[in-house]
There are 2 protein chains.
Amino acid sequence: MSVTRVDVARRAGVSEAVVSYVVNDGPRPVAAETRERVKAAIEELGYRPNVMAKALMGGATGTVGLLMPSPANPFFAELAEAIEKALVARDNHVLIGIVTGASARGEEYVASFIDRRVDGLIVIANPLLETALVDAAGRTPIVFLDRIAKLRGSSSVMVDNVAGSAYAVEHLQSHGHRVIGCIAGPPGIGASVDRVAGWRRQQQSVGHDSSDDFVAFGEFTEAGGEAAAYTLLAPEGRLAATGREVPSAIFVSSDIQAIGAIHACSLLGLRVPEDVALVSFDGTKIGQFARPSLTALRQPIHDMARDAVSMILDSDDGRPARPRASVLQGNLVLGESCGCRDDVGSHRV
Amino acid sequence: MSVTRVDVARRAGVSEAVVSYVVNDGPRPVAAETRERVKAAIEELGYRPNVMAKALMGGATGTVGLLMPSPANPFFAELAEAIEKALVARDNHVLIGIVTGASARGEEYVASFIDRRVDGLIVIANPLLETALVDAAGRTPIVFLDRIAKLRGSSSVMVDNVAGSAYAVEHLQSHGHRVIGCIAGPPGIGASVDRVAGWRRQQQSVGHDSSDDFVAFGEFTEAGGEAAAYTLLAPEGRLAATGREVPSAIFVSSDIQAIGAIHACSLLGLRVPEDVALVSFDGTKIGQFARPSLTALRQPIHDMARDAVSMILDSDDGRPARPRASVLQGNLVLGESCGCRDDVGSHRV
DNA sequence: CTGTTAGCGCCTTCAT
DNA sequence: ATGAAGGCGCTAACAG
């Protein structure tokens, strides 16, 4: 079968313990010469420590669990990839769990991950995991992404959704828009709430209407964005139907919804950005290839991933992990959807 | 600490072995009454078998490894999600590895996954893993997706790329197109090669030009598709520059490339589908929200996932897994990009 | 500095 | 039908 520590020990003419000391750099010192001999034996035999046995002893497994929404949303796909890369760069691996909307599978995932002795859990905003995570919190470090950690001892990485959204809305205002709608994410998710808050704050700060009539909620999907856009823009929609002023611009809470919204505009015969200007949140790659390309508040995906991973991995270093929290800022990426560019059609990417 | 089998045994007033028999339904029978008592104890104590210990004994870990390209390509994102769902539905979990282009990390992933005792490996087309997988093949079942299994003992799930592409091209031909270009995926990947073959076969079968001049290779990314489109369509591109006839239609090997190609057309002032008709391969959700929406050959994602998972999980059931192979057919999804629909009037360029 | 050894939690013959 | 005991590969305390 596979080569074990005993084989290495025999080959190097030492005891099993010494092999351990060499592999783990401790807890006891080893003579330089002996160490070389052992290393050679390991090399020659192609010995690899058995992760299971180590875990059984309570050691680290080099595996962290990632709980995330569907990667059909390109933002989550990009974020997941960034996290995976950051983890692998530090010799860890990812156990993944996709927690879709209403499914209560969350608890099962958490339990299974704990069973598999993950060294930590990275959880991307999903309000349904509350109870499941409570008891997990005591067993392994947890980092929340895009969600304030209410759990004792857990950490969080946030982007400043309020400031980012406000900035995006301000950009729209700078183009002269006054009636600016808001397509929100699913209610109940912190990020959704904050982005609406950012839109509202910015509209209020210059005295524009920010009543709930201008807010349409939808899932973080193309269809969600499309439906929300209809609500705000269609002749039979909420606003037009009651004779209210129809927005000349919309702040959309995610790129994927913006793509759906553009689709809706297209079907309604509205041009983007001429008839309706759009700015969204996320700044994904595919948004830049949308037609028109999206002006969006880009989330600092790689920084988010780096911080989250660091909070998990560096916690083990000294003591039981002191909870941390980081708040990152996004930046605006200019595309065509806001009406900024006159040179539509003449630029290269 | 956590509750072990000993606790359950004590609580139920039986020996540890009996607990095992109950948990695993064997290998020895247990009296119905005793069984109930043990089950009750398990329930009350919230006992969960230690996966690590079981794996140490050579048992299944309920974890399978998935090696895939970047989920920034929505097709892979959808496929990965389908696989994850299929696996979880059968009480397994996914260790994920994203293997990007030229990185030779493949070997590391495979080794790490084996270390973690995965019950199987699902590998989505990546030519770089050859050597790494050779020795893995003996240790765990492997299923290749979109790639013929050359490895002894491994299985594969394929979609009929040649037939699918040919069908897509035929659709273009039915609209009257004769000069049809081909945007290919990265050379070296079986699926790429086959899709070009399908395009060529169909063009040849009706006597149209299918020379290499009409084929442009590119990565499975937006940028890859954009660049390839330039090659075929731009005034300074390969064809126009030499006075050759410029395609009135293009078969694109993936949705994500098609999105890039549309972008290129837009920048070149070419309307889709009026000036250039497009049909792509994949049939992802986001393709339906592209502008124009994509006519595409949809891959049977859920069937692919189901088959792949079944090949891994059902192999363990009886004997050492008899290698299987399944070939699935796609179906054409009609969108606006091919020019089928007359109701594109609502779109402006 | 290096060797010995007792578990970690579980499964599985082998007895009873 | 049930219990006892060995061992999976590794770590860490405890000798030497």
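What you see is a predicted model, and the numbers here were worked out from it, not measured in a lab. Residue numbering restarts at 1 for every chain, and letters A, B, ... go by the order of the sequence lines.
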Rounded to the nearest Å, what distance is computed from the [atom1] atom of residue [X] to the [atom2] atom of nucleotide [N]?
X	N	atom1	atom2	value
B:Arg117	D:dC8	CZ	C1'	10 Å
B:Leu56	D:dT11	CG	P	12 Å
B:Asn24	C:dT12	CG	P	7 Å
A:Met57	C:dT5	CE	P	17 Å
A:Met52	D:dC8	CE	C1'	12 Å
A:Arg10	C:dT4	CZ	P	13 Å
B:Lys54	C:dT12	NZ	P	10 Å
B:Arg48	C:dC8	CZ	C1'	19 Å

Give me the distances for all protein-to-nucleotides 1-5 of chain D N/O pairs that come in under 3.5 Å?
| residue | atom | partner | partner atom | Å |
| --- | --- | --- | --- | --- |
| D:dT2 | OP1 | B:Thr34 | OG1 | 2.5 |
| D:dT2 | OP2 | B:Ala31 | N | 2.8 |
| D:dG3 | OP2 | B:Ser15 | N | 2.7 |
| D:dG3 | OP2 | B:Ser15 | OG | 3.1 |
| D:dG3 | O6 | B:Tyr21 | OH | 2.8 |

Legend entry - salt bridge (Lys or Arg N to Asp or Glu O under 4.0 Å) between B:Glu43 and B:Lys39, intermediate numbers included: CA-CA 6 Å; B:Glu43 189 66 31; B:Lys39 280 190 173 172; over 6 Å; no

Inset, instruction - Any chance you could lay out the side chain to side chain contact (heavy atoms under 4.5 Å, CB included) test for A:Leu87 and A:His93, step after step, and finish with the verdict? - result: CA-CA 6 Å; A:Leu87 243 10; A:His93 285 273; over 6 Å; no

Legend entry - Approximate separation, where rounding is to 0.5 Å, of B:Ile312 CD1 and B:Asp119 CG: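 The CD1 atom of B:Ile312 sits 9.0 Å away from the CG atom of B:Asp119.
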
Legend entry - Rounded distance (nearest 0.5 Å) linking atom CZ of A:Arg116 with atom CG of B:Leu95: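 Nearest 0.5 Å value for the CZ-CG distance: 10.0 Å.
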
Legend entry - side-chain N/O A:Ser20 vs D:dC10 OP1/OP2, d < 4.0 Å: no

Inset, instruction - Taking only the side-chain nitrogens and oxygens of B:Asn50, find out if one of them lies under 4.0 Å from OP1 or OP2 of C:dC8. - result: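 No.
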
Inset, instruction - For B:Arg139 and B:Asp115, run salt bridge (Lys or Arg N to Asp or Glu O under 4.0 Å): C-alpha distance rounded to whole Å, both residues' side-chain angles, the deciding distance at 0.1 Å, then the answer. - result: CA-CA 11 Å; B:Arg139 304 169 185 278; B:Asp115 282 352; over 6 Å; no

Inset, instruction - Spell out, as yes or no, whether a donor-acceptor pair under 3.5 Å connects the side chain of B:Arg90 to the backbone of B:Val309. - result: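 Checked: no pair found.
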
